[in-house]
Protein chains: 2
Amino acid sequence: MDLADEGGIDAVSMRKLGQRLGVEAMALYRHVRDKDDLLDGLADIVLREIEPPEGDPDWRTALRGQVLGARAIMVRHPWAPGLLVERGTAGPAALDRIEAVLATLFGAGFSVDLAHHALHVLSSRIFGFSQDLFDDSPRGREPGPMPPADRYPNVEVMARAASHEGGLGYCDDDVEFAFGLDLILDGLERLRG
Amino acid sequence: MDLADEGGIDAVSMRKLGQRLGVEAMALYRHVRDKDDLLDGLADIVLREIEPPEGDPDWRTALRGQVLGARAIMVRHPWAPGLLVERGTAGPAALDRIEAVLATLFGAGFSVDLAHHALHVLSSRIFGFSQDLFDDSPRGREPGPMPPADRYPNVEVMARAASHEGGLGYCDDDVEFAFGLDLILDGLERLRG
DNA sequence: ACCTGAACACCGTTCAAGT
DNA sequence: ACCTGAACACCGTTCAAGT
């Protein structure tokens, strides 16, 4: 995890890990079957950083808090979402999280059926990321060439609004994440009723 | 793309691509700056497979069709979602898609503000995948050890319902994908009004 | 202009050998 | 039980050299 935090997921190589541990890379094979095995373990460790909900809030508050907490972890470990996507979520830590979410949903009277749908639609959020694919705010990246306005008139309109102070000034990944989450929670609440 | 379809994204190496083209790997550097450059091109090519909407349907039908079409492409190229997540969506093909979605939304009277939120919340679906992280149906994978029922009672309940014929028998990735999409579209429709 | 050969610094993984 | 050294089959990328 230290290696990944410092240099991204590609910095996690058997050789570099061995070096960090003061050992030859080949020694690791005594403790881990493959690199796959090692990465499974890493994925599990990140998910364990997510803390269980405190107190006994209603289902919506509980779920919202869990998801937002999970997201905070992923922001701290930017390599984690990619790792989870690649490896799936069949490990014990992932199961623990799903169990907790289901307990919340069933406890709130969700049918098995609706809870199942909810799990699917929330899945990427439960694990803390929504794959916010399109890059708005140039956070850190080089500004890049503005797309030509004549080919992309509508993109241009939105980009202009976004850069305008006070217009879409609150364009912020956290805000967008919460917006999407609340949209889904609203929908689930309605279906439950 | 052929290499990726046949052997996954890891099969796309400069050396293997050279071999496929009857040329040494180093010759590729005359046509492409890096491997990064090559993968950017590959990402662009997949997105170009998505066909624009036909006719002039209402915004919801248009968007739904686009998203479902995009998803069909990703099912055909299972390596593509991972590639898109990793590389972002700043290429021209991605911009074309965003432009089309925005045109639909603005045409339907969405405010710049709401269209912007919609783009974020739909982003991963616009590009054809929702990162369905948790594995329900054991599609092809080894069944794996059933999680111990005492540790995961709620997971157990759901798994039992899912395997029960007729219960959650329709548990199907396509159905879940559409469920999530409709949930979001419902929400947007309400906010628009 | 386009391609090749040799080289460099990396990978994951094996296997026999050491203590 | 745990680790090492040498080896194998791979990577991406460079650079000078060929046609």
Side-chain angles (χ1 to χ4, degrees), chain A residues 1-47 77-94 135 140-142 144, chain B residues 1-47 77-94 135 140-142 144:
Chain A
M1 190 175 234
D2 287 344
L3 283 176
D5 284 343
E6 292 165 19
I9 199 69
D10 285 340
V12 182
S13 77
M14 301 301 272
R15 287 168 143 104
K16 288 210 190 91
L17 178 56
Q19 192 180 335
R20 178 66 61 105
L21 298 173
V23 112
E24 295 297 315
M26 306 78 199
L28 301 174
Y29 286 83
R30 200 60 44 171
H31 304 89
V32 120
R33 202 181 43 233
D34 295 291
K35 196 183 175 183
D36 263 28
D37 195 18
L38 185 124
L39 291 179
D40 281 345
L42 181 56
D44 221 71
I45 285 178
V46 200
L47 290 181
H77 305 295
W79 45 268
L83 186 66
L84 294 175
V85 168
E86 192 184 293
R87 318 199 68 69
T89 51
D135 248 353
R141 309 194 70 174
E142 71 273 28
Chain B
M1 189 175 236
D2 286 345
L3 283 175
D5 285 343
E6 291 164 20
I9 199 69
D10 285 340
V12 182
S13 77
M14 300 301 272
R15 287 168 141 105
K16 289 209 189 90
L17 178 56
Q19 193 181 334
R20 178 65 60 106
L21 298 172
V23 113
E24 295 297 316
M26 307 78 198
L28 301 174
Y29 286 84
R30 198 63 41 171
H31 304 90
V32 119
R33 203 183 41 233
D34 291 293
K35 194 181 177 186
D36 264 28
D37 195 17
L38 186 124
L39 291 179
D40 282 345
L42 181 55
D44 221 71
I45 284 178
V46 199
L47 290 181
H77 304 295
W79 45 269
L83 186 67
L84 294 175
V85 168
E86 192 185 292
R87 318 199 68 70
T89 51
D135 249 353
R141 309 193 70 173
E142 70 274 27

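Everything quoted here is computed from the prediction, not taken from an experiment. All chains are named by letter (A, B, ...) in the order of the sequence lines, taking the proteins before the strands, and each is independently numbered beginning at 1.
For the pair Leu28(A) CG and dC11(C) C1', the computed distance is 14 Å after rounding to whole Å. Rounded to whole angstrom, the span from the CG atom of Leu39(B) across to the C1' atom of dT13(D) amounts to 15 Å. In this structure, the CG atom of Leu38(A) is 14 Å from the C1' atom of dT13(C), given to the nearest Å. Rounded to whole angstrom, the span from the CD atom of Glu24(A) across to the P atom of dT4(D) amounts to 5 Å. Taking atom OH of residue Tyr29(B) and atom P of nucleotide dC11(D), one finds them 12 Å apart after rounding to whole Å. Taking atom CG on Leu21(B) and atom P on dC3(C), their separation rounds to 10 Å, with Å as the unit. Remark: P of dC11(D) and CE of Met26(B) are 11 Å apart, rounded to the nearest angstrom. Note: CG (Asp37(B)) to C1' (dT13(D)) measures 14 Å, nearest angstrom.
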For this session: Just do the side-chain contact (heavy atoms from CB on, under 4.5 Å) check on Val46(A) and Leu84(A) with the steps written out, would you?
Result: CA-CA 10 Å; Val46(A) 200; Leu84(A) 294 175; 5.9 Å; no
For this session: In sequence, state the C-alpha distance, the side-chain angles, and the governing distance for Arg20(B) and Glu6(B), and then conclude on salt bridge (charged side-chain N to carboxylate O under 4.0 Å, His left out).
Result: CA-CA 12 Å; Arg20(B) 178 65 60 106; Glu6(B) 291 164 20; 2.8 Å; yes
For this session: May I have the step-by-step check of side-chain contact (heavy atoms from CB on, under 4.5 Å) for Lys16(A) and Val12(A), ending in yes or no?
Result: CA-CA 7 Å; Lys16(A) 288 210 190 91; Val12(A) 182; over 6 Å; no
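Of all nucleotides present, only dC8(C) satisfies the Watson-Crick or G-U wobble test against dG12(D), with each distance under 3.5 Å. Here dT19(C) sits opposite dA1(D) as a Watson-Crick or G-U wobble pair (both hydrogen-bonding atom distances under 3.5 Å).
The listed nucleotides are dG12(C), dG12(D), dC3(C); the one nearest the side chain of Lys35(A) is dG12(C).
Across all strands shown, Met14(B) has heavy atoms under 4.0 Å from sugar-phosphate atoms exclusively, and none from any base.
Nearest approach of Pro92(B) to Asp44(B), heavy atoms of both residues: CD-OD1, 3.3 Å.
Nearest-nucleotide positions on DNA chain C for Asp10(A) and Arg33(A) put Asp10(A) closer to the 5' end. For the pair Arg15(A) and His31(A), nearest-nucleotide mapping onto DNA chain D gives the more 5' position to His31(A).
Contact annotation: Lys16(B) side-chain N/O to dC11(D) OP1/OP2 distance is under 4.0 Å.
Rounding to the nearest 0.5 angstrom, the gap separating the CG atom in Leu28(B) from the CG atom in Leu38(B) is 7.5 Å.
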